[in-house]
Amino acid sequence: MITIHPKTKQAYQLLQAGTLAFARAERQGISVNIDYLNKKKIGIDKKINKLENEFKESKFYKRWCHSVKNGKPNINSNLQLSRYIYDIKRIDPFKYTGKGNPSTDEEALKGLNLPEVNTLLEIRKLKKIKTTYLEGFKKEQVDGIMHPFFNLHLVKTFRSSSDSPNFQNIPKRDKEAMTICRKAIIPRKGHQLLEADFSGIEVRIAACYHKDSNMLKYITDKTSDMHGDMAVQIFKLRKLDRSLKGHDTLRQASKNGFVFPQFYGSYYKNCAINLINWVQLPHGEFKPDTGIEFENGFISNHLIKKGIKCLDDMINHIKVIENDFWSKRFPEYTAWKEMWWGLYQKYGYIDLKTGFRCSGVMNKNDCINYPVQGAAFHCLLWSFIKLDEIIRNENWNSKIIGQIHDAIIMDVHPDELNHVVKTIKQITTVELAKTWDWIITPMDIEMELCPVNASWAEKEKYKI
DNA sequence: GGAACTCGCCAC
DNA sequence: AAACGTGGCGAGTTCC
């Protein structure tokens, strides 16, 4: 059992004011396009039907039917699928779930190399979009407005959560899913949606704790690029040039497959697997002309040439990089982690920069992650409260409608756009750091804007 | 018929 | 020695 509670008056007031500010956003709500929801649902149903019929024609399905008692497997049941694949067909599972059962997730099924099963994955994806998002929105809206809850009392680290519907996990990375789901979310008539995100806030807040000089340099020097440098090291490039083919993908792979997992406490073996998944190489030996293509051709050819011929080679390679990362690149960060873990073991609690105390049984990763995750979110919360206060004092037509951990989402009247943007920028990059003197890194905000009357799927970078 | 569990998958 | 942090939610399943 982990408990976290405010230790200072300011910390208490942050939650107090935050709850009220969130309630105002909840009451304001988010417009949804009901006509679109209805039409899109019919379209997706058709697609699902077509794919299901296609799948039911397959030998795979017919054999599956023979293996079950009533002759009709439920194609939504991963348990039935697992029994057929791993018990009846006796395929050796190469991936297991947390409980030790053979996995039927996307990666496991793709690894089977059964083309018919890919149809099943397509169906799974469409059903997720339909039930969780489109039907979820429809169910929660009243007169075209849904009112997602934003909770401040449910999360161990003192982040927020959202439900009914969850506004914090609407698809973004998968282009098709993103477009389908976000087209349903629209502004009020004559308004436009604006999203303001803190850039790299967790990395910056972590730096406020450990003060590692190399990390501070990466944060302050805008010409430097940590993820680019790691991509060079990981994929043995001469240099990273984002204008070259595939370089951005390699940078993304380094960021999401190595750097962030490392910060959360992952280790070289899992990171190596993440990385080869990102560049679409198999878990065994790398074959020529496979994986993603970049400046130098296929990534497999490049890695083989550099002596990385299989997953095991990659693991050994990443092991060296991990060691270098923590001992050479960020030694002060490493020292802080040890010191912080030692303090917890001695006193039995950790204190967040924002005035909260976290006690209970924690492991080392928890110990290091919680104060960063919590304090980073509190920066968003403080900004949210401040912005809400100004909106009410100045009686804006524009309103806050939601929040996603490090981002504020607004429904803006075009006439107020300039003032809204300037105000957000002032709060997040100037006022915030004045309130908390422990913030020693610059804060930066990025904005995305949708055209007037356009859906959330149509947002574009907005230069401040 | 509902509670509790597992799994898979979406976000930061 | 061990090894990725925080959530919500739908579907299937099992248990009571």
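Proteins get letters first, then strands, A, B, ... in listed order; numbering begins at 1 in each. Computation of the quantities below employed the complete heavy-atom set of this structure, encompassing side-chain atoms and omitting hydrogens, waters and symmetry-equivalent molecules.
Residue-level contact check: A:Arg83 touches the backbone only, with heavy atoms under 4.0 Å from sugar-phosphate atoms and none from bases. Using a 4.0 Å heavy-atom distance criterion, A:Asn363 is classed as making no nucleic acid contact. If you check every strand for non-hydrogen atoms under 4.0 Å, A:Pro171 touches sugar and phosphate atoms only. Note on A:Glu106: only backbone sugar-phosphate atoms sit closer than 4.0 angstrom, heavy atoms only; bases stay farther off.
Atom NZ in A:Lys95 sits roughly 11 Å away from atom C1' in B:dC7 (whole-Å rounding). To the nearest angstrom, C1' of C:dA1 lies 13 Å from CG of A:Asn365. Straight-line distance from the CG atom of A:Leu79 to the C1' atom of C:dG10: 16 Å, rounded to whole Å. The separation between A:Asp163 atom CG and B:dC10 atom C1' is 15 Å, rounded to whole Å. For A:Ile408 and B:dC12, the CD1 to C1' distance is 15 Å, given to the nearest whole Å. The distance between atom CZ of A:Phe377 and atom P of C:dG5, rounded to the nearest whole Å, is 20 Å. When the C1' atom of C:dA3 is taken as reference, atom CZ of A:Phe260 falls 20 Å away, rounded to whole Å. Rounded to whole Å, the distance from OH on A:Tyr268 to P on C:dA3 is 12 Å.
Applying the 3.5 Å distance criterion, the base of C:dG7 shares no donor-acceptor pair with the side chain of A:Gln168. In this model, a side-chain donor or acceptor of A:Lys128 finds a partner on the base of B:dC9 within 3.5 Å. Interface remark: the A:Asn166 side chain does not form any donor-acceptor pair with the B:dC10 base, using a distance-only criterion of under 3.5 Å. Looking at A:Arg124, its side chain has no donor and acceptor atom pair within 3.5 Å of the base of B:dC9.
Checking B:dC10, B:dT6, C:dG8 against every side-chain atom of A:Lys99, the shortest atom distance belongs to B:dT6. Side-chain proximity of A:His405 to C:dG12, B:dC12, C:dT6: nearest is B:dC12.
Within the 3.5 Å criterion, the main-chain N or O of A:Asp324 finds no donor-acceptor partner in the side chain of A:Arg329.
When only modelled atom types and interatomic distance are considered, A:Ser455 and A:Glu458 share a side-chain donor-acceptor pair under 3.5 Å. One side chain, A:Asp229 or A:Tyr218, offers a donor N or O that lies under 3.5 Å from an acceptor on the other.
Side-chain contact between A:Phe167 and A:Gln403 is absent, with no heavy-atom pair separated by less than 4.5 Å.
Each of A:Gln262, A:Lys269, A:His317 was scored for a side chain to side chain donor-acceptor pair (under 3.5 Å) with A:Glu322, with one residue passing: A:Gln262.
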